[in-house]
Amino acid sequence: MPDPATPAGPVTIRAARTSDIRTIREIVRPHADSRVLVSKDAVTYYEALQQFRVAEQDGVVVGCGALHVMWEDLAEIRTLAVRPEAKGHGVGSLLMAALVDDARALGVERLFCLTFEVDFFARHGFEVIEGQAVEPEVYAELVRSYDEGVAEFLDLERVKPNTLGNTRMLRTL
């Protein structure tokens, strides 16, 4: 990691590669340990590799985030995390902008997140919601998903220990 006392180079956002997974897990680990993010097995990250973007500075991955499509018009911003020494320097905002661009390119009209970082997401156009963000017919389809994040989105009882205190937020693109 670059010395925080020295000026750092520009941050670039790129698609994640398999070689980034260990670093992504390292960035996420402290957030998972404090239950801000859900802990996931390595295989889950590899399976979702195409959903991830990383922020790189001076050749070091300093942040990550993923876009998970849930339905025709809906996707979730997931696993948005930045190394502590890179916080407050716009890395999260750059990742968010890239994920929003990805969503638009895919034709997604709404973005969902489940977060403790309400102020950050509000600055990026998300609003707090109550209840479900999908119609009952879509809910009935989504409940068939094996994805734990979809279970969190649906607010299913089996994921309550992971989501207590989180805020449900939505952004229309």
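Small disclaimer: the values here were computed from a predicted structure and weren't measured.
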Exercise for review: Report the C-alpha distance between Phe120 and Thr115 in whole Å, list the side-chain angles of each, state the deciding distance to 0.1 Å, and finish with yes or no for side chain to side chain contact (heavy atoms under 4.5 Å, CB included).
Suggested key: CA-CA 10 Å; Phe120 172 82; Thr115 186; over 6 Å; no

Starting at [atom1] of [X], measure out to [atom2] of [Y] and round the result to the nearest 0.5 Å.
{"X": "Thr167", "Y": "Glu130", "atom1": "OG1", "atom2": "CD", "answer": "9.0 Å"}
{"X": "Met96", "Y": "Arg123", "atom1": "CE", "atom2": "CZ", "answer": "10.0 Å"}
{"X": "Arg78", "Y": "Phe52", "atom1": "CZ", "atom2": "CZ", "answer": "8.5 Å"}
{"X": "Glu76", "Y": "Leu99", "atom1": "CD", "atom2": "CG", "answer": "11.5 Å"}
{"X": "Phe121", "Y": "Leu114", "atom1": "CZ", "atom2": "CG", "answer": "9.5 Å"}
{"X": "Tyr45", "Y": "Thr79", "atom1": "OH", "atom2": "OG1", "answer": "5.0 Å"}

Check your understanding: Is a salt bridge present between Asp20 and Arg14, judged by a nitrogen-to-oxygen distance below 4.0 Å?
Key -> yes

**Study point:** Arg104/Glu109 salt bridge by N-O under 4.0 Å criterion
**Key:** no

For the backbone of [Y] and the side chain of [X], can you confirm whether one donor and one acceptor N or O come within less than 3.5 Å of each other?
{"X": "Glu56", "Y": "Val61", "answer": "no"}
{"X": "Arg171", "Y": "His124", "answer": "yes"}
{"X": "Ser34", "Y": "Pro30", "answer": "yes"}

**Study point:** Stepwise side chain to side chain contact (heavy atoms under 4.5 Å, CB included) test for Val108 and Asp73
**Key:** CA-CA 5 Å; Val108 170; Asp73 66 337; over 6 Å; no

Do [X] and [Y] touch side chain to side chain, with heavy atoms closer than 4.5 Å?
{"X": "Arg25", "Y": "Lys40", "result": "no"}
{"X": "Arg53", "Y": "Asp102", "result": "yes"}
{"X": "Phe126", "Y": "Val118", "result": "no"}
{"X": "Ile13", "Y": "Val54", "result": "no"}
{"X": "Val28", "Y": "Cys64", "result": "yes"}

Review point. Should Ile24 and Tyr46 be counted in the same cluster of Ile, Leu, Val, Met, Phe, Trp and Tyr side chains packed under 4.5 Å apart?
Key: yes

**Study point:** Ile77 with Leu106, same ILVMFWY side-chain cluster at under 4.5 Å
**Key:** yes

Practice item. Test side chain to side chain contact (heavy atoms under 4.5 Å, CB included) on Leu74 and Phe112 and set out the steps. Key: CA-CA 7 Å; Leu74 181 68; Phe112 170 81; 4.1 Å; yes

Review point. How about Asp33: does its CG atom have over 12 heavy atoms from other parts shown lying under 6.0 Å from it?
Key: yes

Practice item. Check whether more than 12 heavy atoms from other residues, nucleotides or ligands sit under 6.0 Å from atom CD of Glu127, and answer yes or no. Key: no

Closest approach of [X] and [Y], non-hydrogen atoms and distance?
{"X": "Val82", "Y": "Gly92", "value": "CG2-N, 3.8 Å"}
{"X": "Val62", "Y": "Ala86", "value": "CB-CB, 4.0 Å"}
{"X": "Ala81", "Y": "Leu95", "value": "O-CD1, 4.3 Å"}

Exercise for review: Might you work through the side chain to side chain contact (heavy atoms under 4.5 Å, CB included) test for Leu67 and Gln51, ending with a clear yes or no?
Suggested key: CA-CA 5 Å; Leu67 178 74; Gln51 300 175 13; 5.5 Å; no

